[in-house]
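Below you'll find the structure, written out as structure tokens, and then a few comments.
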2 protein chains.
Amino acid sequence: MGATKTDLFSKKQNELAAMAKALAHPARIAILQVLVKTNACVCGSLVDELGLAQATISQHLKELKQVGLIQGTIEGTSVCYCINPKVWQQYKEFFAMFFKELPENKSCC
Amino acid sequence: MGATKTDLFSKKQNELAAMAKALAHPARIAILQVLVKTNACVCGSLVDELGLAQATISQHLKELKQVGLIQGTIEGTSVCYCINPKVWQQYKEFFAMFFKELPENKSCC
DNA sequence: AATATTAATCGTAATATTGCAATGAATAGA
DNA sequence: TCTATTCATTGCAATATTACGATTAATATT
């Protein structure tokens, strides 16, 4: 097998897992940090900054775009990527909510 | 290829990616939620609740234990798992910090 | 038109993950 | 001791991910 049994879990659980997955690679973390910092970026400069091949970065960008974390528009020959503030905020809230539900330290072990 | 080039990224970036990876599966999300709710749990009840094979759940528990998110002690014949509050808090702070750096909506696209 | 630049896509290889059956180890109760 | 229970570990098969070279598509420049 090896296919995740998404049907066994709630929509929220699958959603949160998918969100975590989008962040589950240092290259994507790095890309997001660069985008946050510069607030706008083409693929080329990312290639220089990160040291990965252009094709690889393009794929990571695609994944980030698929989950909605970034958005891009074509500007002549180059593409402008930036954070999608709404989705970013959503992510922030989702993770905060998930980690908020900390139990009252009745720790059993 | 296919091996992540961890050496290209900072320690923090790799760390955050690893943390996200630990959450990047609905089964692990579900397990954590159950542990948070009941605050103590053996593997058996998880098998009943989640509908995955015992071996599969055991593996997910192992992964969660490896990243430190949960801790377990043997209690006779059954094992007691619970959230590690310190690491949980750490996760919370890490993600909050990451998402806090939202730019001042000068959105370019 | 010919060339250069930029980024997406395709094909591939290597590696990682997911899931389960089978087996193993340890304790509890008959 | 024998058996049942509980969970970990091992080994396998299916699938997913990561990475890059090569190619493609589109616009810019000469």
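What you see is a predicted model, and the numbers here were worked out from it, not measured in a lab. Note on naming: letters A, B, ... go to the chains in the order of the sequence lines (proteins, then strands), and numbering restarts at 1 for each one.
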What is the distance, rounded to the nearest whole Å, between atom [atom1] of [X] and atom [atom2] of [N]?
| X | N | atom1 | atom2 | result |
| --- | --- | --- | --- | --- |
| A:Leu23 | D:dT17 | CG | P | 14 Å |
| A:Leu61 | D:dA19 | CG | P | 13 Å |
| A:Gln66 | D:dT17 | CD | P | 10 Å |
| B:Lys5 | C:dT15 | NZ | C1' | 14 Å |
| B:Lys62 | D:dT9 | NZ | C1' | 7 Å |
| B:Ile31 | C:dG19 | CD1 | C1' | 13 Å |
| A:Leu46 | C:dT5 | CG | P | 19 Å |
| B:His25 | C:dG19 | NE2 | C1' | 9 Å |

Choose from [options] the nucleotide whose nearest atom is closest to any side-chain atom of [X].
| X | options | result |
| --- | --- | --- |
| A:Val42 | C:dA7, D:dC7, D:dA8 | C:dA7 |
| B:Val79 | C:dT17, D:dC7, C:dT18 | D:dC7 |
| B:Thr4 | D:dT17, D:dA19, C:dT15 | D:dA19 |

Polar side-chain atom of B:Asn14 near backbone of B:Thr6 as donor-acceptor pair, under 3.5 Å
yes
Between B:Arg28 and B:Ala22 (side chain of the first, backbone of the second, donor and acceptor by atom type, cut-off under 3.5 Å), is there such a pair?
yes
Separation between CD (B:Gln33) and CD (A:Gln13), nearest 0.5 Å, reads 4.5 Å
Any side-chain N or O of [X] under 4.0 Å from OP1/OP2 of [N]?
| X | N | value |
| --- | --- | --- |
| B:His60 | C:dT17 | no |
| B:Tyr81 | D:dT6 | no |
| B:Lys21 | C:dA16 | no |

Does the plane of the ring in A:Phe95 sit parallel, tilted or perpendicular to the ring in A:Tyr91? Use 30° and 60° as the thresholds.
tilted
Kindly state each residue pair satisfying ring pair (Phe, Tyr, Trp, His ring centres under 6.0 Å) with at least one member in residues 12-33 of chain A, sequence neighbours excluded.
A:His25-A:His60
For B:Lys65, answer base if it contacts any base atom (sugar-phosphate contacts may also be present), sugar-phosphate if it contacts only those atoms, and nothing otherwise; contact means non-hydrogen atoms under 4.0 Å.
nothing
For DNA chain D, the residues among residues 47-59 of chain B that have a non-hydrogen atom under 4.0 Å from it
B:Gln54, B:Ala55, B:Ser58
Using the side-chain contact (heavy atoms from CB on, under 4.5 Å) definition, which of the options B:Leu32, B:Leu35, B:Ile83 pairs with B:Leu69?
B:Leu32
For residues 43-58 of chain B, tabulate all N or O donor-acceptor pairs below 3.5 Å that involve a side-chain atom, not counting sequence neighbours.
residue : atom : partner : partner atom : Å
B:Ser45 : OG   : B:Val42 : O            : 3.2

So which nucleotide does D:dT30 pair with, by the Watson-Crick or G-U wobble rule with both distances under 3.5 Å?
C:dA1
